Protein chains: 2
Amino acid sequence: MEKKLKRMATMHKLQVKGLELFYQNGYYNTSVDDILKSLSLSKGAFYYHFQSKEDFFISIIQSLIVRKVYSTLIEPIEGKENPFLVIDKCFENSLETAEHNEMDYGFILGNFLTEFNRRNETISKYLTDIYKVWEVNLVTILQKGKSDGFVDRHVDSEGVATYLISSYMGVRTLMVQGNCKNLKYNYLQQLRRYFNSLRLKETV
Amino acid sequence: MEKKLKRMATMHKLQVKGLELFYQNGYYNTSVDDILKSLSLSKGAFYYHFQSKEDFFISIIQSLIVRKVYSTLIEPIEGKENPFLVIDKCFENSLETAEHNEMDYGFILGNFLTEFNRRNETISKYLTDIYKVWEVNLVTILQKGKSDGFVDRHVDSEGVATYLISSYMGVRTLMVQGNCKNLKYNYLQQLRRYFNSLRLKETV
DNA sequence: TATTGCACAGACCAAGGGGTCTGTTATTTA
DNA sequence: TAAATAACAGACCCCTTGGTCTGTGCAATA
């Protein structure tokens with residue numbers, strides 16, 4: 001029964017290193033050989049476990065990228081109370097992690113969306129699906145925030161979700177260039193200002 | 001004297017087609033041969049005018065991309081009066097153009113920033129410089145907006161510029177996936193709401 | 001008119017790309 | 001214990017890559 005374990009271990013090693021290099025250098029700028037070399041594995045190993053480079057990347061999306069986005073951007077928000085507080089905290093944590101990560105190459109989902117947009121429909125589909133779950137999740141918490149008296153009822157939840165995702169993706173792209181600390185600070189300040197405009201005003 | 005004209009014409013043809021393909025497929029996923037094939041030109045022609053692929057792309061940045069960003073995002077704003085009106089109109093126009101462009105592959109500056117981030121410092125530098133000019137331009141008009149009584153003096157102009165650029169870059173990335181019309185509408189609605197929170201309130 | 005040199009054409013090169021195929025070895029299974 | 005099979009290793013394939021180099025035609029100059 002240890003064969004299955006070995007299989008899983010090798011596949012997982014390939015996926016983790018693959019994601020690392022794809023994330024750092026981009027998909028088209030990373031060869032299968034690059035991954036194999038840094039793991040001291042052979043072509044035989046790779047094509048025994050995966051049908052193609054594309055198939056390999058799809059498996060990475062499904063097993064690693066989905067999990068990453070869920071754990072950092074979706075689960076911290078799900079089912080919570082005050083949308084403003086929890087989204088604020090979630091974004092702040094994510095930006096904080098990025099800031100102190102020497103190996104930050106941007107928002108993983110955003111980078112790959114950009115790289116595959118209109119260039120590989122199959123992969124784009126998988127990535128877009130993750131984005132959509134994120135969006136639905138934000139819309140849900142905002143709607144709940146209305147019932148709970150946090151969010152102004154006149155606010156368009158979908159619009160807010162779009163605006164939040166857009167700004168987050170953008171600032172993550174900018175942060176790679178450096179000056180992260182300032183960018184993070186500025187971004188969060190304005191995010192809070194924006195949130196204030198959505199808040200349910202006390203009727204005097 | 002028609003030799004110099006021919007030289008310019010060929011170089012320009014190469015740059016225009018080069019930008020088109022780099023923009024569509026990405027830099028690393030577009031070969032020099034791809035460009036030459038679609039123009040029925042030879043290697044000789046290319047390497048007579050440009051030292052390398054990288055040198056070629058830098059020339060494209062300096063001659064075409066700079067001009068594009070300037071004409072669509074910088075000049076329409078420069079020296080104008082009401083920041084909110086003019087930025088709103090500028091972004092709306094840009095998104096409108098993108099929406100009705102069948103060949104939209106995203107925000108050109110954002111895409112290349114993502115592709116070269118930390119992967120090619122030389123090229124990144126050229127791209128970042130453009131971004132910085134854009135940012136300075138936004139900050140300037142916001143500051144002027146304070147003196148002119150449009151913008152609340154407590155507002156942090158740099159923060160606002162960061163937030164504006166981030167959200168614009170993000171929404172342009174999302175728009176490639178489709179559903180442009182809705183994304184554009186949602187984005188502009190929230191942008192206006194955000195602007196309202198920056199406006200100088202009449203002291204009652 | 002002869003000659004120079006610009007603006008290419010296109011063969012060529014080594015390196016690297018994704019992918020195939022035939023071993024080989026250690027572990028299961030019969 | 002023998003046979004079967006899973007899990008690789010690595011040579012090999014053909015195509016594409018960025019880049020070089022020699023050749024060539026045509027306009028500019030003398």
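Chain A is the first sequence line, chain B the second, and so forth, proteins listed ahead of strands; every chain is numbered from 1. The structure displayed is predicted, hence computed values, not measured ones. All values below were derived from every heavy atom in this structure, side-chain atoms included, with hydrogens, water molecules and symmetry-related copies excluded.
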**Asked** Going by the angle between their ring planes, with limits at 30° and 60°, are B:Y187 and A:Y163 parallel, tilted or perpendicular?
**Response** tilted
**Item:** Mutual orientation of the aromatic rings belonging to A:F56 and A:F46 [parallel < 30°, tilted 30-60°, perpendicular > 60°]
**Value:** perpendicular
Distance test, side-chain N/O of [X] to OP1/OP2 of [N], below 4.0 Å:
X: A:S31; N: C:dG17; result: yes
X: A:T10; N: D:dC8; result: yes
X: B:Y48; N: C:dC8; result: no
X: A:S42; N: D:dG10; result: no
X: B:H49; N: C:dA7; result: no
X: A:K6; N: D:dA6; result: no
X: B:K43; N: C:dG10; result: no

From [atom1] of [X] over to [atom2] of [N], roughly how many Å is that when rounded to an integer?
X: A:N29; N: D:dT16; atom1: CG; atom2: P; value: 19 Å
X: B:D55; N: D:dT20; atom1: CG; atom2: C1'; value: 16 Å
X: B:R7; N: D:dC26; atom1: CZ; atom2: C1'; value: 17 Å
X: B:L36; N: D:dT17; atom1: CG; atom2: C1'; value: 13 Å
X: A:D33; N: D:dC12; atom1: CG; atom2: P; value: 16 Å
X: A:M8; N: D:dC8; atom1: CE; atom2: P; value: 13 Å
X: A:F50; N: C:dG19; atom1: CZ; atom2: P; value: 13 Å
X: A:L5; N: D:dC8; atom1: CG; atom2: P; value: 12 Å

**Message:** Could you check whether B:K53 makes a cation-pi contact with B:Y27, meaning its NZ or CZ is under 6.0 Å from the centre of the six-membered ring and within 45° of the ring axis?
**Reply:** yes
**Most 5' of A:G44 and A:Y27 on DNA chain C, judged by nearest nucleotide** = A:Y27
What nucleotide, of [options], holds the atom closest to the side chain of [X]?
X: B:A45; options: C:dT20, C:dA9, D:dG18; result: C:dA9
X: A:Y47; options: C:dG19, C:dA7, C:dG17; result: C:dG19
X: B:K53; options: D:dA7, D:dC8, D:dG19; result: D:dG19

**Request:** State whether A:K17 and A:E20 are salt-bridged, where the test is any N-O pair (Lys NZ or Arg NE/NH1/NH2 against Asp/Glu carboxylate O) under 4.0 Å.
**Result:** yes
**Message:** Can you tell whether the side chains of B:D152 and B:K146 come within less than 4.0 Å, N to carboxylate O?
**Reply:** no
